[in-house]
Number of protein chains: 2
Amino acid sequence: MIEKPAGEKKPQRLGVREIAKRVGVAPMTVSRVLSNPDMVSPETRARVLEAIEQAGFVPNRLASSMRGNGRMIGTVVPPLINSGIAEQVQGMSDQCHEGGYSMLLVQGEFTQEAEERSIRTLLGWRPVGMILQSFVQSEAARALLQSSAVPVVEISEIKGRKPIDMVVGVSNFETAYAMTMHLAAKGYKRIGFVSTPVHGNDRLQQRRTGYHAALNELGFTNHGDMEVEVPITAQGGAEALVTLTARHKDIDAIFFSSDTLAVGAVQECHRRGWVVPGRIAIAGYGDMDLAAQLYPPLTTVKVNRYEMGRRAVRQLLARLGGDTKVPTITSLGFEIVDRESA
Amino acid sequence: MIEKPAGEKKPQRLGVREIAKRVGVAPMTVSRVLSNPDMVSPETRARVLEAIEQAGFVPNRLASSMRGNGRMIGTVVPPLINSGIAEQVQGMSDQCHEGGYSMLLVQGEFTQEAEERSIRTLLGWRPVGMILQSFVQSEAARALLQSSAVPVVEISEIKGRKPIDMVVGVSNFETAYAMTMHLAAKGYKRIGFVSTPVHGNDRLQQRRTGYHAALNELGFTNHGDMEVEVPITAQGGAEALVTLTARHKDIDAIFFSSDTLAVGAVQECHRRGWVVPGRIAIAGYGDMDLAAQLYPPLTTVKVNRYEMGRRAVRQLLARLGGDTKVPTITSLGFEIVDRESA
DNA sequence: CATTAAGATTATAATATTATAATTTGTCAA
DNA sequence: TTGACAAATTATAATATTATAATCTTAATG
């Protein structure tokens with residue numbers, strides 16, 4: 001038998017084991033002090049806590065997770081800039097924090113490959129729940145999620161496809177339909193529609209469909225050329241305004257699928273000396289912070305994105321907590337906020 | 001000896017072990033196919049890949065991390081809404097993704113306790129690197145970070161305190177000093193300053209100090225009541241404008257510490273029929289997307305937040321890649337973008 | 001004083017991966 | 001046909017935690 005040099009003590013990494021050794025107790029006891037303090041006698045508990053404090057020990061959640069006590073929620077979101085998604089993320093983050101969970105964030109694009117890659121990355125970390133924006137497009141991704149058996153909340157369009165698991169969202173169809181009707185009720189007859197690229201984006205598709213449905217019902221002719229797609233920037237909004245008004249001199253209102261675009265368009269009107277809504281009415285979507293303060297104040301669709309984020313997490317946590325009758329589909333309400341721009 | 005029922009096969013969780021069994025190979029071989037494919041013969045590799053594909057296996061990164069191959073970067077950020085932080089997060093996220101890392105995001109507040117709690121949470125996941133916004137305030141948090149030996153990048157003010165490890169940022173002092181000088185050069189003599197609450201926020205403190213320094217140098221008297229703190233909303237900006245102009249009829253320019261505030265103030269001017277910059281000049285900070293499109297276009301300080309995020313991650317990855325001469329302090333440049341609002 | 005029970009603590013095993021060391025297989029030359 | 005060497009593969013051990021089962025302590029009771 002080969003004798004090991006006895007004095008060789010490697011600088012133990014800080015873990016329950018090390019803390020236990022210092023206190024003179026078993027690792028399990030340390031673990032319990034952290035997760036089930038009541039099962040440990042007050043004196044032992046005090047000594048352990050002291051040692052933890054003293055050593056600056058932070059329990060390793062990777063190991064806990066492996067053992068089946070994960071506290072991580074994964075999420076895939078579209079680009080944060082200008083999109084109002086930031087508020088949703090904030091909602092998710094706040095609720096995660098409140099529940100003692102951490103949030104792993106991956107930015108995805110609206111393409112099948114990117115989506116699949118993002119989901120795969122997240123699954124690698126074995127999150128206990130996932131929150132996805134917009135319906136999962138690729139069949140492979142769906143299969144992956146399904147077989148992983150992780151609870152999933154999609155923050156998305158309510159109508160249409162069958163959800164993977166749970167859904168939180170609004171009916172984008174309804175919102176757009178309602179806004180279009182609202183504009184018609186105010187007397188506008190030639191209503192244009194501007195959005196960011198709808199390809200691969202459920203929500204935008206539904207909004208456009210809602211707009212179409214309203215026009216049909218109203219008996220308004222719908223020239224396909226009264227719609228434009230632009231990037232989600234203020235400049236995009238301004239350009240859309242220019243394009244549409246050039247094409248149709250008599251256009252009297254434009255419904256933008258995002259406040260960011262609408263705000264850009266309003267600035268363009270100022271530049272041209274056009275009165276809003278006198279020369280043309282502008283409506284947005286999202287009710288961003290600036291909307292109410294804008295000059296003139298922006299008529300828009302108000303959706304509580306922060307609340308959506310919170311709800312999504314809350315549903316996940318409820319499910320994780322063993323609540324079996326968590327609602328599968330939660331539709332949040334919306335409001336048409338009638339301000340002066342339309 | 002107690003005999004176990006032989007036929008009892010539990011439904012093996014999907015791992016390298018299970019894949020290995022299915023292919024008829026050792027787990028290590030599967031592991032290598034994933035991380036060092038060159039060390040496995042092409043035929044074996046093909047069979048393993050096939051099995052992985054077929055089973056929908058996603059390697060468990062928790063286990064890899066435990067073994068010392070972590071690919072997670074933790075970050076603490078202030079609230080995302082309205083703050084321009086979204087762009088930084090996007091930059092970090094993009095660069096993380098590019099390097100094959102995942103991003104764990106925790107939202108923090110500018111208080112010592114909250115900061116410490118956030119850092120503790122992140123450390124629990126044993127990230128291989130951390131990115132923090134603003135200098136770490138609490139001594140306990142500093143100690144925690146130091147003893148964890150994780151590379152840290154602070155995205156923060158360059159001047160002042162000693163960094164924990166690496167810093168990326170701009171000199172907020174310089175930017176504010178430069179803008180104030182710029183306003184003076186354009187002939188404005190009574191320049192107000194509006195910011196969001198500076199308490200606990202290094203960057204804002206430095207901006208205010210820069211503003212003061214410029215005023216002193218110019219020989220302008222600095223009434224303390226030419227400064228206001230408001231929440232970071234468009235409404236906050238509007239209210240600040242009202243407050244300051246009511247206090248000082250002759251104020252001729254206001255420097256806002258955020259574009260969000262400046263935009264709100266411009267709207268208030270429109271409401272009052274005040275010409276910008278005729279009646280009063282407005283300057284912002286950040287050069288948000290809307291700034292250039294605003295009517296009138298906003299004079300502002302341009303800082304490339306997206307790039308800051310990218311750089312922060314790149315520095316971390318360089319360090320992790322063994323590059324020992326990674327710069328400790330990186331100061332990004334800035335621009336005074338002179339548009340029409342001032 | 002032995003017995004019982006409750007309470008507190010400890011031992012064991014399991015989670016999935018991978019660096020390292022050990023072993024097997026294959027090839028070529030002597 | 002064996003020895004040497006390289007390539008490919010496998011065995012072992014280590015990472016940190018915790019549910020479970022097992023053990024130990026203490027006090028009270030008959």
Side-chain angles (χ1 to χ4, degrees), chain A residues 2 4 8-48 51-52 55 57-72 123-128 148-149, chain B residues 2 4 8-48 51-52 55 57-72 123-128 148-149:
Chain A
I2 299 164
K4 277 184 191 167
E8 184 191 349
K9 50 171 150 182
K10 45 192 158 187
Q12 265 291 7
R13 275 196 224 23
L14 218 45
V16 280
R17 179 162 35 237
E18 174 64 10
I19 297 291
K21 196 157 66 183
R22 294 193 190 174
V23 181
V25 86
M28 191 61 228
T29 303
V30 177
S31 170
R32 269 206 266 269
V33 168
L34 293 164
S35 40
N36 291 76
D38 293 346
M39 295 175 70
V40 179
S41 74
E43 309 87 62
T44 313
R45 187 165 53 209
R47 280 192 302 144
V48 171
I52 287 174
F57 165 63
V58 180
N60 186 331
R61 283 180 174 288
L62 295 174
S64 316
S65 289
M66 285 242 295
R67 202 59 186 60
N69 285 44
R71 298 219 160 282
M72 184 158 65
L123 285 177
W125 292 102
R126 299 297 188 268
V128 292
S148 75
Chain B
I2 300 164
K4 276 185 192 168
E8 186 191 351
K9 48 172 150 182
K10 45 194 160 189
Q12 267 290 9
R13 274 195 224 25
L14 219 44
V16 280
R17 177 160 40 231
E18 174 64 12
I19 297 291
K21 197 157 64 181
R22 293 192 191 178
V23 180
V25 86
M28 191 60 226
T29 304
V30 177
S31 169
R32 269 206 266 268
V33 169
L34 293 164
S35 41
N36 291 77
D38 292 344
M39 295 174 71
V40 179
S41 73
E43 311 86 60
T44 313
R45 186 165 54 209
R47 280 191 304 141
V48 170
I52 286 174
F57 166 63
V58 180
N60 187 330
R61 284 181 174 287
L62 295 174
S64 317
S65 288
M66 286 245 292
R67 202 60 188 60
N69 284 46
R71 298 216 160 281
M72 184 157 66
L123 284 177
W125 292 101
R126 301 295 188 268
V128 292
S148 75

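Side-chain atoms are counted along with the backbone in the values below, which use heavy atoms only and exclude waters and symmetry mates. So that the names make sense, note that chain A is the first sequence line, chain B the second, and so on, each numbered from 1.
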Under 3.5 Å, N/O pairs linking protein and nucleotides 7-9 of chain C:
residue: C/dT9; atom: OP1; partner: A/S41; partner atom: OG; Å: 3.1
residue: C/dT9; atom: OP1; partner: A/T44; partner atom: OG1; Å: 2.4
residue: C/dT9; atom: OP2; partner: A/S41; partner atom: N; Å: 3.0

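Rounded to whole Å, the distance from CH2 on B/W125 to P on D/dT17 is 13 Å. Here D/dA8 presents its P atom at 13 Å from CG of B/N36, a figure rounded to the nearest Å. We find that CG of A/L14 is positioned 14 Å from P of D/dT15, with the value rounded to whole Å. Rounded to a whole Å, the CZ atom of A/R17 is 8 Å from the C1' atom of D/dT15. Distance CE (A/M28) to P (D/dA22): 16 Å, rounded to an integer number of Å. In this structure, the CE atom of A/M66 is 7 Å from the C1' atom of C/dT17, given to the nearest Å. Atom-to-atom, CG of A/L34 to P of D/dT18 comes out at 7 Å; the value is rounded to the nearest Å. Atoms CZ (B/R61) and P (C/dT17) sit 11 Å apart, rounded to a whole Å.
We find the CE-CG distance between A/M72 and A/L62 to be 8.0 Å, quoted to the nearest 0.5 Å. In this structure, CG on A/L123 lies 12.0 Å from CZ on B/F57, to the nearest 0.5 angstrom.
Between A/N69 and the phosphate of D/dT17, there is no side-chain N or O to OP1/OP2 separation shorter than 4.0 Å. Within the 4.0 Å cut-off from OP1 or OP2 of C/dT18, at least one side-chain nitrogen or oxygen of B/S31 is found.
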Throw together a table of side-chain donor-acceptor distances under 3.5 angstrom for residues 28-40 of chain B, partners on residues two or more places apart or in other chains.
residue: B/S35; atom: OG; partner: B/S31; partner atom: O; Å: 2.9

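A/G68 comes within 4.0 angstrom of nothing in the nucleic acid, heavy atoms only.
Scanning atom types as modelled, one donor and one acceptor separated by under 3.5 angstrom connect the side chain of B/R67 and the base of D/dA14.
Legend: side chain to side chain donor-acceptor pair (under 3.5 Å) pairs involving residues 60-71 of chain A, not counting sequence neighbours, sorted by first then second residue: A/R71-A/Y101.
Taking all atoms of both residues into account, the shortest heavy-atom contact from A/V23 to A/R47 is O-NH1, 3.3 Å. The two residues B/A20 and B/A26 have their closest heavy-atom pair at CB-C, 3.7 Å.
Over its full length, the helix from C/dC1-D/dG30 to C/dA30-D/dT1 turns its helical axis through 70°, comparing axes from the five pairs at each end and rounding to 10°.
By the side chain to side chain contact (heavy atoms under 4.5 Å, CB included) test, B/A55 pairs with B/L14, B/I19, B/R22, sequence neighbours left out.
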